There are 2 protein chains.
Amino acid sequence: MAADDTTAPVPPSPWERERPARDRVSTARAPLTRERVVEAAFTVLDRQGLDGLSMRQVAGELGVTVSALYAHVSSKDDLLELMYTRLFDDFAIPEPDRERWEEQLRDFARSVRRRLLSHRDMARISMGHVPFTAELLPHVESLLALFRAAGLPDRIAAEAGDLISTYVDGFVLEEGIWQDRAARQAGDDDPSLSRPDWREMAGEMQDYFAALPAADFPHLRALSGLMVMDSSDDRFDIGLEIILRGLASYLPDQGAGAPDA
Amino acid sequence: MAADDTTAPVPPSPWERERPARDRVSTARAPLTRERVVEAAFTVLDRQGLDGLSMRQVAGELGVTVSALYAHVSSKDDLLELMYTRLFDDFAIPEPDRERWEEQLRDFARSVRRRLLSHRDMARISMGHVPFTAELLPHVESLLALFRAAGLPDRIAAEAGDLISTYVDGFVLEEGIWQDRAARQAGDDDPSLSRPDWREMAGEMQDYFAALPAADFPHLRALSGLMVMDSSDDRFDIGLEIILRGLASYLPDQGAGAPDA
DNA sequence: ACCTGAACACCGTTCAAGT
DNA sequence: ACCTGAACACCGTTCAAGT
């Protein structure tokens, strides 16, 4: 299938919700498999969100009894982990190029964000898992390779992966909170419609900040425009850049920090 | 300048679980209040974890019917938000001192981590909330004041708070995952006992990494010691330091990065 | 071998009724 | 005014029974 959206240096244009549109041809009587259960779980997730993702809903999606699921999945937690794993199935991290380590890390972080954004509430699922499984460990290895090839001291390299992954997860999770909030607000009358209406939300936040007592909140008022109005992509890149600069300061040939390894 | 041990004014000695030990004198017939409901919720949280925190359990803790809670709290979500708010009730961020901004930020991050660690699964609750409420907004303001006093460009200051908060939340959340895992493992037979037994867990992780094929996982094997054996406090400080150095690179008088504002 | 049906022990939330 | 009891519409998980 060759997705290879993994390392495109192009701006990702997020918020696009990657409609599944899989071959939903004959849901009829294909034999139930682990893979089909996971597939159905993604469908339910995108439709109802993580809070609406129940084993019963997944079973319903497949036209099957709840208990039938337990022949292919040992628990709901197991199912969530399978979803997390499948999200990064064909994820590819390039061979380290020590001259381009910063660019490679930027691409990595952006690809992870794009994958997390491709399914609703996926960041919440991701946050609850550590990637120390047979399927995910190779990705951790490739990421560490990037840091070490760049010449970072081991103590820094050992933390850097966690730091970046946490940043991406946390950022996307917060994006999801705002989206949900906007959706809930827009779809007050008809919650099934739920058009996010981002601009309106941002406007209201802006008004909220502008209404704060100027004497008590000078900084919040001064920065609120940047905090709520800036594009999420730009805000994401800024945070990422802070981290990358921090890492760069540990390179021996950099003037900023002592190598100290 | 500045070796990596830039961080060590006061080790907070974490893992100490701040036993509530409140005046649990007469649970008897004190009138039910919002505050008492929140109090009971913390008790249940520490005993059962977030997954075991149900309205019925909280009611039971208070010797009251479930429905009685809804006179003081509008929903479970509301209750969680009250808990999140109460955790930072008397949280104080100092007046900005532009010469000591890095030290002040370190103290801030460590205090937040200590608060999150003071109740089980608190980071999970925190992650699901944005601090844009009447009670929490002053803290956001104080944090922004620190960045701006340091001389950071507005675009950087606007993201820095989110970045640091996300880092702390994510780090503590991950700590919690490992703790739970260790507890579940230790308390296999008697899950109520559940002695974390950190050292044993780390040893097993170490063995797991050591057993990986050396040809495929050279970096993971090389760094696993640092990743699992290092004290959490040290690991926390390293990630924090990366962020602080990144921020510092945006200061006009720093040589490392262009001001770029 | 694979799935169904029914049950168990829970959930959050609402609301009439009691005191 | 404040709380109870009962109900509603859900949960995850198990397991004997069917085919």
Side-chain angles (χ1 to χ4, degrees), chain A residues 26-45 47-84 120-121 124-125 128-129 180 184 188 191-192, chain B residues 26-84 120-121 124-125 128-129 180 184 187-188 191-192:
Chain A
S26 83
T27 312
R29 268 299 74 91
L32 202 53
T33 64
R34 230 167 134 86
E35 189 48 41
R36 285 191 68 221
V37 173
V38 175
E39 196 67 31
F42 273 114
T43 304
V44 175
L45 180 69
R47 193 174 53 220
Q48 329 234 202
L50 182 57
D51 293 330
L53 175 59
S54 72
M55 298 301 276
R56 282 174 161 87
Q57 292 282 332
V58 175
E61 182 67 24
L62 291 162
V64 127
T65 329
V66 216
S67 42
L69 300 179
Y70 287 85
H72 304 93
V73 145
S74 70
S75 68
K76 184 180 179 181
D77 242 45
D78 184 34
L79 176 55
L80 290 177
E81 192 167 314
L82 287 170
M83 296 171 77
Y84 172 55
R120 192 167 156 192
D121 286 342
R124 273 170 71 191
I125 296 178
H129 295 272
D180 284 357
R184 224 190 331 266
D188 248 1
S192 77
Chain B
S26 82
T27 313
R29 268 298 75 89
L32 202 53
T33 65
R34 230 168 134 85
E35 190 47 42
R36 282 191 70 221
V37 173
V38 175
E39 195 68 31
F42 273 114
T43 304
V44 175
L45 180 70
D46 286 330
R47 192 173 53 219
Q48 328 234 199
L50 182 56
D51 293 331
L53 175 60
S54 72
M55 298 301 275
R56 281 173 161 87
Q57 292 282 332
V58 174
E61 182 67 24
L62 291 162
V64 127
T65 329
V66 215
S67 42
L69 300 180
Y70 287 85
H72 304 92
V73 146
S74 70
S75 68
K76 184 181 179 180
D77 243 45
D78 184 34
L79 176 54
L80 291 177
E81 192 168 313
L82 288 170
M83 296 171 77
Y84 172 55
R120 194 168 156 189
D121 286 343
R124 274 169 71 192
I125 296 177
H129 295 273
D180 284 356
R184 223 188 335 264
D188 249 359
S192 76

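Below, each value reflects all heavy atoms present in this structure, side chains not excepted, and no hydrogens, waters or symmetry copies. Small disclaimer: the values here were computed from a predicted structure and weren't measured. Proteins come first, then strands; the chains are lettered A, B, ... in the order of their sequence lines, and each starts at number 1.
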Taking atom [atom1] of [X] and atom [atom2] of [Y], what is their separation to the nearest 0.5 Å?
X: B/Leu69; Y: B/Asp78; atom1: CG; atom2: CG; value: 11.5 Å
X: A/Asp180; Y: A/Asp51; atom1: CG; atom2: CG; value: 8.5 Å
X: B/His129; Y: B/Arg124; atom1: NE2; atom2: CZ; value: 12.0 Å
X: B/Leu82; Y: B/Ile125; atom1: CG; atom2: CD1; value: 11.0 Å

- Item | Heavy-atom closest pair, residues A/Gly52 and A/Val44 |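 Looking at all heavy atoms of both residues, the shortest contact is O-CG1, 3.9 Å.
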- Heavy-atom pair with the smallest gap, counting every atom of B/Val37 and B/Val58: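 So the minimum-distance heavy-atom pair works out to O-CG1, 3.9 Å.
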- Item | Sub-4.0 Å heavy-atom contacts from residues 49-57 of chain B onto DNA chain C, ordered by number |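 By residue number: B/Leu53, B/Ser54, B/Met55, B/Arg56, B/Gln57.
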With a 3.5 Å distance limit and no angle check, can you tell me whether [X] reaches the backbone of [Y] through a side-chain donor-acceptor pair?
X: B/Thr33; Y: B/Arg36; result: yes
X: B/Arg34; Y: B/Val73; result: no
X: B/Arg120; Y: B/Arg47; result: yes

- Query: If we take the P atom in both C/dA9 and D/dA9, what is their distance in whole Å?
  - Reply: 22 Å
- Item | Residue pairs fulfilling ring-ring contact (aromatic ring centres under 6.0 Å, His included) with at least one residue in residues 52-76 of chain A, sequence neighbours excluded | none
- Task: Answer whether the closest heavy-atom distance between the side chains of A/Leu53 and A/Asp121 falls below 4.5 Å.
- Result: no
- Quick one: the dot-bracket string of DNA chain C, using Watson-Crick and G-U wobble pairs with both distances under 3.5 Å, [ ] for crossing pairs and | for bases paired to another strand. ||.|||||...|||||.||
- Note on the structure: chain A reaches DNA chain C, atoms under 4.0 Å from its heavy atoms, from C/dC3 to C/dA7
- With sequence neighbours excluded, what pairs up with B/Ser54 under the side chain to side chain contact (heavy atoms under 4.5 Å, CB included) test? B/Arg56, B/Gln57
- Query: Between residues 66-79 of chain A and DNA chain D, which residues have a heavy-atom gap below 4.0 Å?
  - Reply: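 Result for residues 66-79 of chain A: A/Val66, A/Ser67, A/Tyr70, A/Ser75, A/Lys76, sorted by number.
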